[in-house]
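Have a look at the structure below, then the notes.
In what follows, chains are A, B, ... by sequence order, proteins preceding strands, each numbered from 1. No experiment lies behind these values; they were computed from the predicted model shown.
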Protein chains: 2
Amino acid sequence: MENEHTYSASSYRTPDGAPTDIVIFTITAQDRESGKKSLPLRELQLLLIERKIWPFQGVWALPGGFTQETETVAECAQRELKEETGISDVRIEYFNVYSAPGRDPRGWMISHAFLALVKEDLLRERKASIDAADVRLFPVSEAMNMKLAFDHHDIIRDALDKIREKMLTTTIAKEFLPEEFTIGELYQVIQTVVPAFEEKNFIRKVTSTQIRKGIIEEVRDEAGKLKSSNKYSQRAAQLYRFTDYEPQLSIYS
Amino acid sequence: MENEHTYSASSYRTPDGAPTDIVIFTITAQDRESGKKSLPLRELQLLLIERKIWPFQGVWALPGGFTQETETVAECAQRELKEETGISDVRIEYFNVYSAPGRDPRGWMISHAFLALVKEDLLRERKASIDAADVRLFPVSEAMNMKLAFDHHDIIRDALDKIREKMLTTTIAKEFLPEEFTIGELYQVIQTVVPAFEEKNFIRKVTSTQIRKGIIEEVRDEAGKLKSSNKYSQRAAQLYRFTDYEPQLSIYS
DNA sequence: AAAATAGTGTCTATAAGACATTATGGT
DNA sequence: ACCATAATGTCTTATAGACACTATTTT
């Protein structure tokens, strides 16, 4: 009877680990040197850590680590992110698995890749951990030309494709923006992630077109007066916030 | 020097396996009894196999099996699908990982779930394997009310959400249709997967609207004359085929 | 006044959306 | 003649797309 419950596959070769890798994107904003008020220069960056141990000692890599028996891979990603960079309370999203034989010199490792978009200020809390010599942001274009550990080059490429698609089809732009923002900031964030994006009448589409009307809404103060900001420009710009509405896209309607 | 290369994590607990599960959807078409020509009744179905061994002996489950060290999880899914059901040359797509502790009584198993959409006739080649007492199609609504092995209920629910989304945002409808099809068939396939889908002027949108114009094209015979079919109706309907064009959707443009 | 960003007016072509109407050919 | 499905006509309103123009406030 007990023999019936013997799991025959247990005598097979089993994986040597189920690691997670986390691709953290952020958009940095840097004020331009000209004394005048103007939109800051924005750049898409990602977070890497320098490996202190074999394999790929001294090489930059994505944060991540090994899943434990008592947690899901998503919980592992949250935990490792906290341990290695000090970042917590971030919405991370699973996007792919990497299982090519030989991808990890330590053995048979099937890695689960997550991505997260965080506001720049959250990264100020980052710290070097005992496992990493250093933690740093790199511009995405620079990271793609660096030597990276494992197949992290592929993982970053896939993550980038994914957020480009999501930037245009969902409201993830909000992950990069403050609660209240101007149309100019929103436009700039979209273009930072998707450089090819260009819409001549952007302000009209996003505010007055029927199907998109609900995505963002004007911010008003306690008295009900429209709230604006002249942080980036001489003329004050109307502030907006995202609503909870997520438009449903379709190629057939 | 050699000690430096010792993988310290190798002394940790490692997973007991990296299985794959494959959700195969098909749409069956059944002619209506009325002698007259009319559109067939279509139904979304999925393929399950009955387990012959512990755990969940005698319970219906998704096809799948254990990944080997020499293959990727995607290759495993293709191989297991072939072994258990006889289906090959199908485009399968990875969609999620299932890693909740305790999800598999055999031990710590992190499962990788794939989905595939196949034309009904491909399933005619299916066969019972040595591991499965039986292989059968079930209507999705019926499968969701059955007792299923492991967390396959969750996997199917997620797969269903995924194909509903993809049915409206990509051209996967082609996976369910013959090379040449009528607008009526296309409409019916979309509605079979997404019952809520309804478009009054469907034929016009899909054929004459600028942005969608390139998705499908009219089929012509050798002489260049428009080709039509009266398979489902008295009046012959124009035949169409999908092009290679995949529209890029955006909430901002 | 110049600069920099915000926002509106106006025009044309195209698309959406609703419905009624016509077309075709087998039973 | 009737039926089921295919396809078009017609009308109103909404959106796309282009581009010139006006608005606001700091330097």
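- Listed candidates were C:dA6, C:dG7, C:dT8. Nearest to the side chain of A:Arg204 is C:dT8.
- Between A:Ser233 and B:Ser233, the residue anchored closer to the 5' end of DNA chain D is B:Ser233, taking for each the nucleotide with the nearest heavy atom.
- The CG-P distance, from A:Leu41 to C:dT5, rounds to 11 Å in whole Å.
- Here A:Lys205 reaches the OP1 or OP2 of D:dG17: one of its side-chain N or O atoms lies under 4.0 Å away.
- By the 4.5 Å heavy-atom criterion applied to side chains, A:Thr26 and A:Ile24 are not counted as neighbours.
- Cation-pi geometry between B:Arg204 and B:Phe202 is not met at under 6.0 angstrom from the ring centre and within 45 degrees of the axis.
- Across the protein-nucleic acid pair, A:Asn230 atom CG and D:dT27 atom C1' stand 14 Å apart, rounded to whole Å.
- We find that NZ of B:Lys200 is positioned 17 Å from P of D:dA6, with the value rounded to whole Å.
- Spacing between atom CD of B:Gln234 and atom P of C:dG26 amounts to 8 Å, rounded to whole angstrom units.
- Summarising the geometry, atom CG belonging to A:Asp151 is positioned 9.0 Å from atom CG belonging to A:Leu62; distances are rounded to the nearest 0.5 Å.
- The distance from atom OH of B:Tyr187 to atom C1' of D:dA4 is 16 Å, rounded to the nearest whole Å.
- Here the nucleotide nearest the side chain of A:Ile203, chosen from C:dG26, D:dT10, C:dT8, is C:dT8.
- Going from atom CZ of B:Arg235 over to atom C1' of C:dT27 covers 18 Å, rounded to whole Å.
- Heavy-atom distances to DNA chain D give each of A:Asn201 and B:Ala236 a nearest nucleotide, and the one nearer the 5′ end belongs to B:Ala236.
- Following rounding to the nearest Å, B:Leu39 (CG) and D:dC3 (P) show an atom-to-atom distance of 18 Å.
- You'll find the side chain of A:Ile92 reaches within 4.5 Å of the side chain of A:Gln78, heavy atoms only.
- Distance, B:Phe202 CZ to C:dC19 C1': 19 Å, rounded to whole Å.
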